[in-house]
Number of protein chains: 2
Amino acid sequence: MREVLLGKVTLQSIADRVGVSRMTVSNAFSRPDQLSAQLRERILAAADELGYVGPDPAARALARGRVGSVGMLLNGALSEAFEDQVSAEFVASVADELARRGLALTVLTPPKDEAFVPARDVAIDGALVYTCEPRSAGVEWLSRRGLPVVAVDQDLGDSVPGVRVDDRGGARLAAQHLLELGHRDIGILGLGLRGEDGTLHHSDSFPSRQRMAGWSETLADAGVEPVVALAPYEPRGVAQGVARTLLETSDVTAVLCFSDVFAHGVVLAAEELGRTVPGDLSVVGYDDSPLAAANRPPLTTVRQDITAKGHLAAGMLADLLVGGAAESQLLPATLVVRDSTAAPRA
Amino acid sequence: MREVLLGKVTLQSIADRVGVSRMTVSNAFSRPDQLSAQLRERILAAADELGYVGPDPAARALARGRVGSVGMLLNGALSEAFEDQVSAEFVASVADELARRGLALTVLTPPKDEAFVPARDVAIDGALVYTCEPRSAGVEWLSRRGLPVVAVDQDLGDSVPGVRVDDRGGARLAAQHLLELGHRDIGILGLGLRGEDGTLHHSDSFPSRQRMAGWSETLADAGVEPVVALAPYEPRGVAQGVARTLLETSDVTAVLCFSDVFAHGVVLAAEELGRTVPGDLSVVGYDDSPLAAANRPPLTTVRQDITAKGHLAAGMLADLLVGGAAESQLLPATLVVRDSTAAPRA
DNA sequence: GGCGCGTACTTTACCGGTAAAGCCGAAAGG
DNA sequence: CCTTTCGGCTTTACCGGTAAAGTACGCGCC
C-alpha cells in the first residue's frame with residue numbers, strides 16, 4: 001500500500017496491474033476456490049500495494065442483488081423505543097444474531113419528511129417490524145418492495161411470519177395471581193397512546209391488546225371489574241403521575257401493569273402516598289426487565305425471554321433471505337413471583 | 001398497481017410505457033423540477049400502475065456514490081453496549097438526528113469471522129466510532145476505506161474529529177466533592193476489561209482513562225491514596241460482587257464509580273453488608289443515567305448530556321458527508337449532588 | 001491416441017440507476 | 001426580426017461489481 005492514487009482503485013486497475021481479467025480479481029476476493037492460490041497471492045499483494053480495500057459494497061450489492069443488511073422498523077422516535085431496557089435488549093440480541101449470520105442491522109425510523117422514507121429508500125434485504133402500531137406506512141412500503149418481513153410482537157396477517165409472545169396467557173397468569181392472593185379491587189395501568197388532540201387512548205399494538213385481553217377476561221371470570229388507567233410510553237415520570245391519580249381516586253389494593261417501568265412508577269407513587277408495597281398495595285409488572293429484579297421491593301412480573309425472541313426473529317429473517325420458509329412462533333410467558341405482591345390487608 | 005409483472009419493474013419499463021426516456025422517469029422521482037408537473041403526473045401514475053416502488057436503493061447508491069446510511073462501530077457484542085441505558089440513549093439520539101438529516105443508521109458489530117467484516121463490507125457513507133478500545137480493527141478498516149469518521153468518547157488522533165466529554169473534569173468534581181465532605185478513605189470502582197486469561201485490567205478506553213486520571217490526580221493532590229477495584233462491563237451483578245469485596249477488604253467511607261450502574265451495585269453491596277448509604281458509605285456514580293435519579297437513595301453523580309452528545313456527533317458526521325469541515329468538541333460534565341453522599345461518620 | 005474431465009482463467013452480459021452535457025422549440029430582449 | 005435564454009426532455013457515459021457460460025490446456029484412461 002505505497003502508491004498515491006489519482007483514480008479510484010477498482011478491480012479493473014488491479015487486473016491491469018497483474019495482467020489478468022477483472023473477473024479473476026473479483027474471484028480472488030469473493031471466491032478463492034476459483035483460482036490458484038499462487039495467483040491469488042499475487043493479486044492480493046497487488047491490491048494491497050494499490051491500497052485496495054475490497055470490493056465496493058454498493059456495487060456488490062447491485063450486482064449480487066443482496067445488500068447484506070436488514071432493517072428494523074420502529075415507529076416512534078427511536079429514543080422512545082429505548083426508553084425501556086427491554087427494547088434495547090431486544091435490538092441488541094437481534095443485532096448479535098444477525099452478525100452471526102453475516103448480516104448488519106439498519107435502523108429504520110419514521111420519516112421526518114416525504115423526501116427520505118427509510119422503509120422505502122434504504123437498501124436492505126429484508127426487515128423486522130417492531131413496536132409498530134398495526135397500520136404503519138412503513139410496513140406498507142416494505143411490503144410494496146416485496147421484501148421478506150418478520151413481524152415481532154404483532155400480527156401482520158397470515159402471510160407475514162412473526163415471533164410473538166403469549167402475552168395474553170402471561171397477563172392471565174398475572175391476574176390469576178392477584179385473585180389467588182385475595183385481591184378484588186384491582187387496577188390496571190395499561191399502555192396509552194397520545195392522540196392528535198393530546199388525549200390518551202388504548203394502544204392498538206399487539207402486546208397492549210393481548211395483555212389487556214388476558215387481564216380483563218381473567219378478572220371478568222372472577223366477577224371483578226378492574227379500574228383502568230393508561231400511561232403513554234414517552235415522557236419519563238408520567239407513568240408515576242398517572243399511577244398516583246389511580247391510587248388517589250380509587251381504592252384498589254393491587255395494580256397490574258403493562259411494563260416493569262410502569263410498575264416501578266406505581267411503586268414510587270404508592271410511596272409518595274405513604275403506602276407500602278406489598279403491604280398496602282400489590283404491584284405486578286411485565287417483561288421481567290433488569291429493573292424488575294433491581295426494584296425495591298423486587299417486582300413480581302411476567303417474564304418473557306427477550307433475548308430468545310431477538311435471536312429467533314433474526315434467525316427467521318435470515319432463513320427467509322436464503323430462501324427458507326419461516327413459521328410463526330409463539331413464545332411462552334411465565335409468572336415470576338417476587339416481593340411486590342401479597343395478600344390484601346384484612 | 002394492477003398488473004402482475006413478469007420482469008422486474010425498472011425505470012426503463014416505465015419509460016417505455018409512457019414513451020419517454022429513462023432519464024426523465026428518473027427525474028420524475030429524484031428531481032421533480034426537471035420536468036413538467038403534467039408529465040410527472042403521468043409518469044407517477046404509470047409507475048403506480050406497474051407497481052413500481054421507487055428507485056432501487058442499491059442501484060441508486062452505486063450511481064450516486066452515496067448510500068444514505070452511516071455506520072456506528074461498536075466493539076463488544078451489542079448487548080454489552082446496551083447493558084447500560086446510557087449507551088442505548090446515545091444510539092437513539094444519534095439515530096434521531098441522522099433521520100432528521102436524511103440518513104439511516106447501520107450497526108457495525110465486531111466480525112464473527114473473516115468472511116464478513118461489517119466495517120469493511122457494509123455499504124455506508126461514513127461512521128461513528130463508539131465504545132471501542134483504541135486499537136480496533138474496525139477503525140482500521142474504516143480509515144482504509146477513506147470514509148469520514150467521527151470519534152465519540154475517544155481519541156483517534158488529530159485527523160479524526162470527535163465528540164468528547166470532559167470526563168477528567170467531571171471526575172475531578174466528583175472526587176473534590178467527597179474530599180469536601182471530609183472523606184479520606186476513598187475507593188474507586190473503575191472499568192475493567194477481561195483479558196484473554198480472564199483477569200481484569202484497566203480499560204484503555206478514553207472515558208476510563210480520563211475518569212481515572214481525574215479521580216487520581218484530585219485525590220493525590222489532597223494526599224489521599226484511593227483503593228482501586230475494577231469491574232467488567234458485561235455480566236450483570238458482577239459489579240455488585242466486586243463492590244462487596246471492596247467494602248469487605250478495606251475501610252473506605254466513600255466510593256467513586258465509573259458508572260451509575262456500578263454505583264447501584266455498590267449501594268446494593270453496602271446494604272448486603274448492613275451498611276446504609278449515605279450514612280455509612282457515600283457513593284458517587286457517573287453519567288446521570290435514569291437509574292441515578294430512580295435509585296434509592298438517588299445517586300450523586302456526574303452528569304453528561306448524552307442526548308446532546310448524540311445529536312452533536314450525528315450532526316458532525318452528516319456535515320462531513322456534505323463536504324463540511326468538522327471541529328472536535330468537548331462537552332462539559334457537571335456534578336449532580338443527590339442523596340447518596342454525605343459526610344463520613346465521626 | 002482420441003475421449004472425457006477437471007482446473008484455471010476469460011468473455012459476455014448484465015445489475016438499475018444518475019450526472020452532465022446536448023438538443024430543440026418557444027418566450028424574452030435589444 | 002434575429003439573438004439569447006431557458007424550460008423540458010434526450011443522449012451519452014459511466015458507477016464497480018458478479019453470474020454464468022465459454023475456452024484452453026494438461027492429464028489419466030481404456
Side-chain angles (χ1 to χ4, degrees), chain A residues 5 7-44 46-47 50-68 115 120-125 145-147, chain B residues 5 7-44 46-47 50-68 115 120-125 145-147:
Chain A
L5 289 319
K8 186 173 225 163
V9 190
T10 66
L11 285 186
Q12 188 64 63
S13 60
I14 298 170
D16 294 346
R17 171 73 161 252
V18 180
V20 296
S21 74
R22 177 170 39 143
M23 195 62 229
T24 298
V25 179
S26 171
N27 282 332
F29 283 96
S30 307
R31 294 158 67 175
D33 57 317
Q34 297 296 299
L35 35 54
S36 67
Q38 184 189 0
L39 177 56
R40 185 171 130 96
E41 276 313 310
R42 278 177 51 213
I43 292 176
L44 261 34
L50 291 168
Y52 186 70
V53 186
D56 180 281
R60 174 181 268 185
L62 178 58
R64 293 226 257 229
R66 292 178 293 113
V67 174
R120 180 191 44 169
D121 301 327
V122 172
I124 46 175
D125 295 325
R145 284 172 73 175
L147 291 173
Chain B
L5 290 317
K8 185 174 226 164
V9 190
T10 65
L11 285 185
Q12 187 65 62
S13 60
I14 299 170
D16 294 346
R17 171 73 160 254
V18 180
V20 295
S21 75
R22 177 172 37 140
M23 195 62 228
T24 298
V25 180
S26 171
N27 282 333
F29 283 97
S30 307
R31 296 158 67 176
D33 56 318
Q34 297 296 299
L35 37 54
S36 67
Q38 184 189 2
L39 177 55
R40 184 171 130 95
E41 276 314 309
R42 279 176 52 214
I43 292 177
L44 261 33
L50 292 168
Y52 185 70
V53 185
D56 180 279
R60 172 181 270 186
L62 179 58
R64 293 227 257 228
R66 292 179 293 112
V67 175
R120 178 189 40 159
D121 300 329
V122 172
I124 46 175
D125 295 325
R145 284 173 72 176
L147 291 174

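Each chain gets a letter, A, B and so on, in the order the sequences are listed, and its residues count up from 1.
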S.K.: Do the non-hydrogen side-chain atoms of B/Ile124 and B/Val67 ever get within less than 4.5 Å of each other?
M.R.: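 No, too far: nothing below the 4.5 Å cut-off.
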S.K.: Let me know, please, whether B/Gln34 or B/Leu62 comes out on the 5' side of the other along DNA chain D by nearest nucleotide.
M.R.: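 Residue closer to the 5' terminus by nearest nucleotide: B/Gln34.
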S.K.: Report the distance from atom CD of A/Gln12 to atom P of C/dT10, rounded to the nearest whole Å.
M.R.: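 Rounding to the nearest Å, CD of A/Gln12 and P of C/dT10 are 11 Å apart.
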S.K.: Using rotation axes that map the C1' atoms of four end pairs onto the next four (five pairs an end), what angle separates the end axes of the helix from C/dG1-D/dC30 to C/dG30-D/dC1, to 10°?
M.R.: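 Taking the rotation axis at each end, their angle is 40°.
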S.K.: Between atom CG in B/Asp121 and atom P in D/dG17, what is the gap in whole Å?
M.R.: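 Distance check: B/Asp121 CG to D/dG17 P gives 12 Å.
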S.K.: C/dA20 P sits how many Å from B/Met23 CE, rounded?
M.R.: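 So the two atoms are 10 Å apart, to the nearest Å.
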S.K.: Quick one: label A/Arg31 by what it contacts on the DNA or RNA (base, sugar-phosphate, nothing), any heavy atom closer than 4.0 Å.
M.R.: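 Sugar-phosphate: the residue A/Arg31, judged by heavy atoms under 4.0 Å, touches backbone atoms but no base.
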S.K.: Nearest-Å distance, CD (A/Gln38) to C1' (C/dA8)?
M.R.: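 In whole Å, C/dA8 C1' lies 12 Å from A/Gln38 CD.
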S.K.: Tell me whether A/Arg66 contacts the main-chain N or O of A/Ala61 through its side chain, where contact means a donor paired with an acceptor under 3.5 Å.
M.R.: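 Side chain of A/Arg66 to backbone of A/Ala61: no pair is present.
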S.K.: Does the pair B/Ile14 and B/Leu50 meet the rule for a side chain to side chain contact (heavy atoms under 4.5 Å, CB included), with working shown?
M.R.: CA-CA 8 Å; B/Ile14 299 170; B/Leu50 292 168; 3.8 Å; yes
S.K.: Report yes if a side-chain nitrogen or oxygen of A/Ser36 is closer than 4.0 Å to either non-bridging phosphate oxygen (OP1 or OP2) of C/dC9; otherwise report no.
M.R.: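 Indeed, a polar side-chain atom of A/Ser36 lies that close.
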S.K.: So which nucleotide from D/dT18, C/dA19, C/dG17 ends up closest to the side chain of B/Ser26?
M.R.: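 It is C/dG17.
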S.K.: How about B/Met23 and B/Ser26: do any of their side-chain heavy atoms sit closer than 4.5 Å?
M.R.: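 B/Met23 vs B/Ser26: side chains touch.
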S.K.: Round to a whole Å and report the spacing from CZ of A/Arg66 to P of C/dG16.
M.R.: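 Spelled out: CZ on A/Arg66 to P on C/dG16 is 15 Å.
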S.K.: Calculate the interatomic distance between B/Leu11 atom CG and C/dG16 atom C1'; express it in whole Å.
M.R.: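 B/Leu11 atom CG is separated from C/dG16 atom C1' by 7 Å.
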S.K.: Does A/Tyr52 place a side-chain N or O at less than 4.0 Å from the phosphate oxygens OP1/OP2 of D/dG17?
M.R.: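 For D/dG17, OP1 or OP2 has a side-chain N or O of A/Tyr52 closer than 4.0 Å.
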S.K.: Between A/Ala59 and B/Leu39, which has a closest nucleotide on DNA chain D that is more 5'?
M.R.: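 Its nearest nucleotide being more 5', the pick is B/Leu39.
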S.K.: Between B/Pro55 and B/Ser30, is any pair of side-chain heavy atoms under 4.5 Å apart?
M.R.: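 The answer is yes, as the side chains (C-beta and beyond) meet within the 4.5 Å cut-off.
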S.K.: Before you tell me yes or no, could you show the steps for A/Val20 and A/Leu35 under side chain to side chain contact (heavy atoms under 4.5 Å, CB included), namely the whole-Å CA-CA distance, both residues' side-chain angles and the distance that decides it to 0.1 Å?
M.R.: CA-CA 11 Å; A/Val20 296; A/Leu35 35 54; over 6 Å; no
S.K.: Measure the distance from CG on B/Asp33 to P on D/dC6 and round it to the nearest whole Å.
M.R.: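 Interatomic distance, CG of B/Asp33 to P of D/dC6: 15 Å.
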S.K.: Whole angstrom is fine here: how far is it from CG in A/Asn27 over to C1' in C/dT7?
M.R.: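 Roughly 13 Å, once rounded to whole Å.
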S.K.: Within the structure shown, what part of the strands sits under 4.0 Å from A/Ser21 by heavy-atom distance: base, sugar-phosphate, or nothing?
M.R.: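 The answer is base, as A/Ser21 lies within the cut-off (heavy atoms under 4.0 Å) of a base atom.
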S.K.: Within the structure shown, what part of the strands sits under 4.0 Å from A/Leu35 by heavy-atom distance: base, sugar-phosphate, or nothing?
M.R.: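 Here A/Leu35 touches the backbone only, sparing every base.
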S.K.: Hey, is the main chain of B/Leu11 close enough, under 3.5 Å, to the side chain of B/Arg22 for a donor-acceptor pair?
M.R.: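 No; zero donor-acceptor contacts below 3.5 Å.
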S.K.: Is a donor-acceptor contact shorter than 3.5 angstrom present between the side chain of A/Arg60 and the base of D/dG16?
M.R.: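 Looking at the base of D/dG16, it does not pair with any donor or acceptor on the side chain of A/Arg60 (distance under 3.5 Å).
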S.K.: Go through the N and O atoms of the side chain of A/Arg22 and the base of D/dG17, and report whether any donor-acceptor pair is under 3.5 Å.
M.R.: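 Answer is yes: a donor-acceptor pair is held.
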S.K.: Find out whether A/Val25 and A/Tyr52 are in side-chain contact, i.e. whether some heavy atom of one side chain is under 4.5 Å from a heavy atom of the other.
M.R.: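 Heavy-atom side-chain distance check fails, nothing below 4.5 Å.
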S.K.: Describe the nucleic acid contact of A/Thr24 in one word from base, sugar-phosphate, nothing, applying a heavy-atom distance below 4.0 Å.
M.R.: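 Result for A/Thr24 = base.
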